[in-house]
Amino acid sequence: MTIASRYSLDLRIDRNIYIAATGAMGLNASTDPYSNNQLNYTTIVPRYEIRLFTLYTNISFVEYADMTWAQD
């Protein structure tokens with residue numbers, strides 16, 4: 001059985017600047033290699049919004065991997 005905590009946050013920093021964060025963290029520690037475990041990850045999304053468009057990018061941190069950056 002997997003026990004995990006999932007989170008989501010969206011903050012307004014300034015008039016048109018926001019930052020969002022989502023992720024999951026496994027709460028059970030199992031040493032069994034065949035057990036079902038949650039991979040820990042966090043994704044941070046800074047964004048700039050105005051009436052006509054939104055500019056944003058995703059920055060992810062994943063357990064056992066390097067940081068990833070995706071431009072959409």
Side-chain angles (χ1 to χ4, degrees):
M1 181 164 90
T2 300
I3 301 172
S5 174
R6 300 185 189 279
Y7 51 90
S8 179
L9 175 71
D10 194 14
L11 295 173
R12 181 178 179 180
I13 304 298
D14 199 9
R15 180 177 172 170
N16 297 327
I17 300 173
Y18 298 84
I19 190 163
T22 59
M25 181 180 358
L27 299 178
N28 56 336
S30 175
T31 57
D32 181 10
Y34 302 108
S35 67
N36 188 11
N37 290 325
Q38 170 67 47
L39 187 64
N40 299 328
Y41 71 91
T42 297
T43 300
I44 299 171
V45 184
R47 71 184 187 276
Y48 177 77
E49 290 186 6
I50 61 173
R51 186 176 216 167
L52 298 176
F53 74 94
T54 299
L55 177 66
Y56 65 94
T57 187
N58 300 336
I59 304 166
S60 297
F61 302 92
V62 182
E63 183 178 27
Y64 307 123
D66 293 330
M67 179 189 79
T68 59
W69 178 41
Q71 303 94 2
D72 290 334

Rounded distance (nearest 0.5 Å) linking atom OH of Y48 with atom OH of Y18: 10.5 Å

Which residues satisfy the salt bridge (Lys or Arg N to Asp or Glu O under 4.0 Å) test with E63, sequence neighbours excluded? none

Compare all side-chain heavy atoms of P46 with those of T57 and state whether any distance is below 4.5 angstrom. yes

From I50 atom CD1 to R15 atom CZ, the distance as rounded to the nearest 0.5 Å: 10.5 Å

Between the side chains of Y41 and T22, does any donor sit under 3.5 Å from an acceptor? no

ILVMFWY network linking I13 to L55, side-chain heavy atoms under 4.5 angstrom: yes

Starting at CD1 of I17, measure out to CG of L11 and round the result to the nearest 0.5 Å. 13.0 Å

Test item: N58 side-chain N/O and T43 main-chain N/O as donor-acceptor pair under 3.5 Å: no

One pair to check against side-chain contact (heavy atoms from CB on, under 4.5 Å): Y7 and T42. What are the steps and the verdict? CA-CA 9 Å; Y7 51 90; T42 297; 2.5 Å; yes

How about I19 and I44: do any of their side-chain heavy atoms sit closer than 4.5 Å? yes

Got a sec, which pairs hit salt bridge (charged side-chain N to carboxylate O under 4.0 Å, His left out) with one end in residues 38-61, sequence neighbours left out? D10-R47, R47-E49

